[in-house]
Amino acid sequence: MIPALYIVATPIGNLDDMSRRAVSVLQQVDCIAAEDTRHSTRLLQHYDIRTRLQAYHEFGGDGQLDSLFRYLEQGRSVALISDAGTPLISDPGYRLVRRVQDAGIAVVPVPGPSAVIAALCASGQATDRFCFEGFLPARANARRESLQALANEPRSMVFYEAPHRIVACLVDMADIFGGERQITLARELTKTFETIVRKPLADMSQWVAADGNQQRGEIVLVVEGRSAGRNDGMNDEARRLVTLLIDDLPPQMLSKRVAEYCRLPKKQVYDYILSLKK
Ligand code: SAM
């Protein structure tokens, strides 16, 4: 192992999601920097990892940052972990990574679970392009402002949301994005009560408000991007496929293939292709 800062992903619920490489790195480094050392002790005990633990918070003061940095400067290796998932993804670590890299010390990712990717890939929303918005502001006015700024975003949007704000957040989303937009609620991923449900925003907002169980645990929301106000019935993926293949396939065959792949009516795709040819 080279002396470096290792960014090690840990499970978001199911302990079996820990990679062998993650265990091995955590066993071999000189020190593990953790957000909450008590919380991380449970995971480390489970894998019989006895490496020294040190607290690290983004706003834990320069003392914590300096002490980890000095350790790395001496040619030692440090692993950064967060309470769950991938460090730096809505979690601390950015300042440390920046400083370590600027000093010419290696930063090595040890990838693994992250709620954003787990939710997105099981969401049923377009995955070819997406944006990650992390947590929306807690205050209602600021949250609505942030949502307004995203109203025309064409990519799928991924949000983390706290359970006590989920109902208010869905009401605002339905209001600002429109009730027909599809949203996926991904709750308690990889855990016993894992729930992944996709519905139009208006229905989702009512369903969650009426069922207290859906307001518990850890939640990711994946919202369909805006289809740019076009009324030709095409979605972004179908549009991109047509653009890619329009010079290679005759319209009949192209519309058949794209319609099958994107589950759209063939006539609709055919009309769209003709409109482009014109
Ligand atoms: N670093 C983590 C990652 O890579 O996903 C995220 C940390 S952030 C402080 C915690 C938020 O992630 C939770 O409030 C929730 O929105 C989301 N999250 C974490 N674990 C989850 C899970 N098992 N199911 C659904 N969402 C989860």
Side-chain angles (χ1 to χ4, degrees), residues 5-19 21-22 25-26 32-40 42-44 46 55-60 79-97 107-125 127 130-139 143 146-147 150 156-170 172-173 183-199 204 208 211-223:
L5 173 65
Y6 292 84
I7 309 296
V8 181
T10 58
I12 56 170
N14 189 327
L15 287 185
D16 286 347
D17 289 338
M18 185 83 170
S19 76
R21 182 170 173 229
V25 167
L26 293 181
I32 299 173
E35 236 188 315
D36 177 343
T37 49
R38 260 203 351 223
H39 176 97
S40 295
R42 285 194 288 278
L43 174 81
L44 301 183
H46 183 84
Y56 176 73
H57 298 277
E58 199 80 307
F59 305 106
L80 177 67
I81 60 174
S82 57
D83 286 353
T86 300
L88 282 88
I89 304 300
S90 291
D91 267 333
Y94 167 71
R95 283 176 70 211
L96 180 63
V97 167
V107 176
V108 178
V110 181
S114 188
V116 45
I117 298 299
L120 177 70
C121 65
S123 68
Q125 311 280 5
T127 54
F130 67 94
C131 60
F132 175 56
E133 290 293 318
F135 288 98
L136 285 161
R139 282 181 32 253
R143 178 176 62 233
S146 299
L147 292 173
L150 291 166
S156 302
M157 293 168 273
V158 187
F159 301 88
Y160 286 168
E161 190 50 285
H164 60 279
R165 283 198 289 269
I166 187 68
V167 173
C169 173
L170 289 171
D172 285 346
M173 282 182 168
I183 180 169
T184 305
L185 176 111
R187 202 172 62 80
E188 293 290 90
L189 293 170
T190 77
K191 303 187 209 176
T192 311
F193 296 107
E194 180 176 86
T195 307
I196 302 169
V197 177
R198 178 163 52 85
K199 291 176 187 291
M204 183 67 83
V208 171
D211 181 352
N213 284 331
Q214 307 310 327
Q215 301 164 32
R216 297 207 173 107
E218 299 198 276
I219 301 170
V220 183
L221 299 171
V222 188
V223 183

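Whatever order the structure lists ligands and atoms in, that order sets their numbers, starting from 1. All values below come from the heavy atoms of this structure, side chains included, with hydrogens, waters and symmetry mates left out.
Using a 4.0 Å cut-off between heavy atoms, Leu189 contacts ligand 1 through both its backbone and its side chain. At a heavy-atom distance under 4.0 Å, no atom of Leu88 approaches ligand 1.
Applying the 4.0 Å criterion to heavy atoms of Lys191 picks out, from ligand 1, the atoms 23 (N). Less than 4.0 angstrom separates some heavy atom of Glu161 from each of these atoms of ligand 1: 16 (O). The contact set between ligand 1 and Ala84, taken as ligand atoms under 4.0 Å from a residue heavy atom, comprises 1 (N), 2 (C). Those atoms of ligand 1 with a heavy atom of Val220 less than 4.0 angstrom away are 25 (C), 26 (N). Near Thr86, the atoms of ligand 1 lying under 4.0 angstrom from a non-hydrogen atom of the residue are 1 (N), 3 (C), 4 (O).
For atom 18 (N) of ligand 1, the nearest non-hydrogen atom from the set Ala186, Gly93, Ala115, Ala118 belongs to Ala115. When the heavy-atom distances from atom 7 (C) of ligand 1 to Leu185, Asp91, Thr195 are ranked, the shortest goes to Asp91. Here the shortest heavy-atom distance to atom 13 (C) of ligand 1, taken over Glu218, Glu188, Glu35, belongs to Glu218. For atom 6 (C) of ligand 1, the candidate residues are Ile89, Ile12, Val116; the nearest heavy-atom contact is made by Ile89.
Looking at ligand 1, you'll find an N or O of Tyr160 within less than 3.5 Å of one of its N or O atoms. Between Pro113 and ligand 1, a contact under 3.5 Å exists for no N or O pair.
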Note to self: side-chain contact (heavy atoms from CB on, under 4.5 Å), that's the test. Do Leu185 and Leu221 meet it? Break it down for me.
What the structure shows: CA-CA 5 Å; Leu185 176 111; Leu221 299 171; 3.8 Å; yes
Note to self: As a quick check of understanding, evaluate side-chain contact (heavy atoms from CB on, under 4.5 Å) for Met173 and Met204, giving each step before the final call.
What the structure shows: CA-CA 10 Å; Met173 282 182 168; Met204 183 67 83; over 6 Å; no
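For the side-chain contact (heavy atoms from CB on, under 4.5 Å) test, residues two or more places apart in sequence or in another chain that qualify with Ala9 are Thr86, Pro113.
For Glu188 (side chain) and Phe193 (main-chain N/O), no donor-acceptor pair under 3.5 Å exists by modelled atom type. With Arg187 contributing its side chain and Asn213 its backbone, the two residues share a donor-acceptor pair below 3.5 Å. No donor-acceptor pair closer than 3.5 Å links the side chain of Glu35 to the backbone N or O of Ile81. One N or O on the side chain of Ser19 and one on the backbone of Ala22 form a donor-acceptor pair closer than 3.5 Å. Without hydrogens or angle criteria, Thr190 side chain to Asn14 main chain gives a donor-acceptor distance under 3.5 Å. A side-chain donor-acceptor contact under 3.5 Å links Tyr160 to the backbone of Val116.
Ligand 1 has at least one atom lying under 4.0 Å from a heavy atom of Phe135.
Residues Leu189 and Ala115 come closest through the heavy atom pair CD1-O, 4.0 Å. Across Gly93 and Leu80, no two heavy atoms sit closer than the pair CA-CD2, 3.8 Å.
The protein non-hydrogen atom at the shortest distance from atom 4 (O) of ligand 1 is Ser114 OG, 2.7 Å. For atom 8 (S) of ligand 1, the closest non-hydrogen atom of the protein is Ser90 O, 3.7 Å. The protein heavy atom nearest to atom 15 (C) of ligand 1 is Ile219 O, 3.5 Å.
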